[in-house]
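No experiment lies behind these values; they were computed from the predicted model shown. First listed ligand is number 1; within each ligand, the first listed atom is number 1.
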Amino acid sequence: MKTILITGGAGFIGSHTAVELIQAGYEVIVADNLSNADTTCLEGVEKITRKKIPFHKADCCDKRQLKKIFEEHAIDGAIHFAGYKAVGESVYKPLMYYHNNLTSFMTLLEIMVENGGGNVVFSSSATVYGQPDILPVTEETPRKPAASPYGNTKQICEDILADAVRAHPTLKGIILRYFNPIGAHASAMIGELPRGVPNNLVPFITQTAAGIREELQIYGNDYNTPDGTALRDYIDVVDLAAAHVSALKHMVRTDRTGSCDIFNVGTGKPISVMELVNKFQAVNKVPVKYRITGRREGDVEAVWADTSLANTVLGWKAACSVEQTLEKAWAWEKRLRGIK
Ligand code: WQD
């Protein structure tokens with residue numbers, strides 16, 4: 001397998017995955033409608049890899065546009081990142097979320113089936129576990145009813161892929177459930193580029209350190225955790241990107257039909273919000289003004305991964321320490337803002 005289509009490849013995780021795939025010897029084609037990204041990261045990918053990336057400004061919901069890409073390139077597999085991802089916004093705009101996230105994925109799968117199948121990696125999320133009863137979560141941990149339309153689209157897309165793979169033997173699928181992806185490439189050429197006010201913790205920290213936001217709000221210190229703040233499993237985005245390379249290799253190696261494997265992609269180590277903020281300040285020697293406020297609606301108290309399956313079956317393991325990841329996140333923000 002050689003040529004991989006990355007939908008949403010101009011985005012945060014997509015662009016890092018493009019780098020890892022190219023460096024592993026794959027040809028990469030990027031499709032992105034640039035609805036929540038611009039070409040900054042694609043240019044960064046080209047600088048890092050010194051390769052020109054075939055880029056199609058295309059909306060995956062539009063079958064004609066997507067089909068054209070398959071006609072132009074001999075695509076062996078696809079990694080599907082294209083989708084809306086703001087949990088809060090999905091509550092206010094559920095139809096937009098269901099329409100975009102489900103249609104884009106179904107369109108991709110339809111075209112792949114029509115073109116003789118291939119390997120598909122779907123970007124799912126730890127959000128499918130909700131607040132698990134037992135921690136850490138394994139892939140066998142039951143999914144909880146989704147707390148948001150965004151989370152529901154992840155669950156439904158997992159089911160769509162499982163059903164499609166069952167019905168179409170030429171189609172092979174893997175589901176990767178990401179925990180909390182953070183950080184940036186070590187070159188500081190690519191990283192997270194949130195539009196407007198960041199929803200996620202690390203971009204909010206880096207923007208506060210850069211003076212763009214006045215202060216970070218820490219959402220709740222009354223959780224049943226060692227320091228009262230919520231626990232998450234923060235996974236370095238380059239490690240996460242590497243998991244996609246391992247997943248594609250695993251699919252080729254096992255040539256499994258009829259069912260799709262699911263893997264947790266995290267570090268296996270819980271870190272509290274407070275710990276993360278303190279580590280960021282310590283490793284980067286930069287202050288982050290913060291204030292403890294009330295809990296954010298919809299947040300779970302604690303979730304982290306049991307990563308044994310990915311470790312043993314995919315031969316993948318998170319390599320980067322959280323300190324290194326936070327250094328890279330700050331280096332990227334500084335480069336973006338011209339801070340010395
Ligand atoms: C982490 C922790 C917050 C911001 C979500 C999605 C998930 C995935 C990643 C998206 C929580 C706290 C945050 C802030 C804070 N998908 N926090 N102040 O909510 O675990 O996961 O994003 O693409 O599917 O659900 O990530 O980074 O928003 O929050 O105190 O300003 O940081 O309460 O405990 P989350 P997050």
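Each of the following atoms of ligand 1 lies closer than 4.0 Å to a heavy atom of S125: 7 (C), 24 (O). Numbered from 1 in the order shown, with element, the atoms of ligand 1 that lie under 4.0 Å from a heavy atom of Q217 read 14 (C), 15 (C), 18 (N), 30 (O), 31 (O). For ligand 1, the atoms sitting less than 4.0 Å from at least one non-hydrogen atom of N180 are 1 (C), 20 (O), 21 (O), 26 (O), 35 (P), numbered in the order shown with element in parentheses. The distance from ligand 1 to the heavy atoms of Y150 drops below 4.0 Å at these ligand atoms: 10 (C), 16 (N), 23 (O), 24 (O). Ligand-side atoms of ligand 1 in range of N199: 4 (C), 28 (O), range being under 4.0 angstrom from any heavy atom. Close contacts between ligand 1 and V273 involve ligand atoms 2 (C), 12 (C), 30 (O), 32 (O), 34 (O) [criterion: under 4.0 Å to a heavy atom]. Below 4.0 Å from some heavy atom of I218 lie the following atoms of ligand 1, by number and element: 30 (O). Near K85, meaning under 4.0 Å from one of its heavy atoms, ligand 1 places the atoms 10 (C), 23 (O).
Closest approach of S125 to K154, counting heavy atoms only: CB-CG, 4.3 Å.
No side-chain donor from either of Y26 and D76 sits under 3.5 Å from a side-chain acceptor of the other.
Residues I175 and Y129 are members of separate hydrophobic clusters, defined by side-chain heavy-atom contacts under 4.5 angstrom among Ile, Leu, Val, Met, Phe, Trp and Tyr. Transitive grouping of hydrophobic side chains (ILVMFWY, heavy atoms separated by less than 4.5 Å) brings I174 and V28 into a common cluster.
The protein atom (non-hydrogen) at minimum distance from atom 17 (N) of ligand 1 is Y219 CD1, 3.6 Å. Nearest protein heavy-atom neighbour of atom 29 (O) of ligand 1: R296 NH2, 3.4 Å. Protein heavy atom nearest atom 11 (C) of ligand 1, with residue, atom name and distance: R232 NH2, 3.7 Å. Atom 34 (O) of ligand 1 has as its closest protein heavy atom A230 CB, 3.2 Å.
For atom 9 (C) of ligand 1, the nearest non-hydrogen atom from the set N200, V197, N221 comes from N200. Between T127, V87, T293, it is V87 that holds the heavy atom closest to atom 6 (C) of ligand 1. The residue from I182, D299, V303 that puts a heavy atom closest to atom 3 (C) of ligand 1 is D299.
For an aromatic pair to be called close, the ring centres must be under 6.0 Å apart, and H244 with F263 fails this.
The shortest N/O to N/O separation between L201 and ligand 1 falls below 3.5 Å.
Between K279 and E275, none of the side-chain N atoms (NZ, or NE/NH1/NH2) sits under 4.0 Å from a carboxylate O, so this pair counts as no salt bridge.
Under 4.0 angstrom from ligand 1, the non-hydrogen atoms of Y234 all belong to its side chain.
Environment of CD in Q217: crowded, with over 12 heavy atoms of neighbouring residues, nucleotides or ligands closer than 6.0 Å. Around atom CZ of R50, no more than 12 heavy atoms belonging to other residues, nucleotides or ligands sit under 6.0 Å away. In K67, the NZ atom is not crowded: 12 or fewer heavy atoms of neighbouring residues, nucleotides or ligands sit closer than 6.0 Å. Applying the 6.0 Å contact sphere to CG of N224 captures no more than 12 heavy atoms from other residues, nucleotides or ligands. Under a cut-off of 6.0 angstrom, the local environment of NZ in K144 is crowded, with over 12 non-hydrogen atoms contributed by other residues, nucleotides or ligands.
Aromatic ring pairs are classed by plane angle as parallel below 30°, tilted from 30° to 60° and perpendicular above 60°; the pair Y97 and Y150 is perpendicular.
No heavy atom of Y178 sits closer than 4.0 Å to any atom of ligand 1. Y223 does not count as a contact of ligand 1, since none of its heavy atoms falls under 4.0 Å from the ligand.
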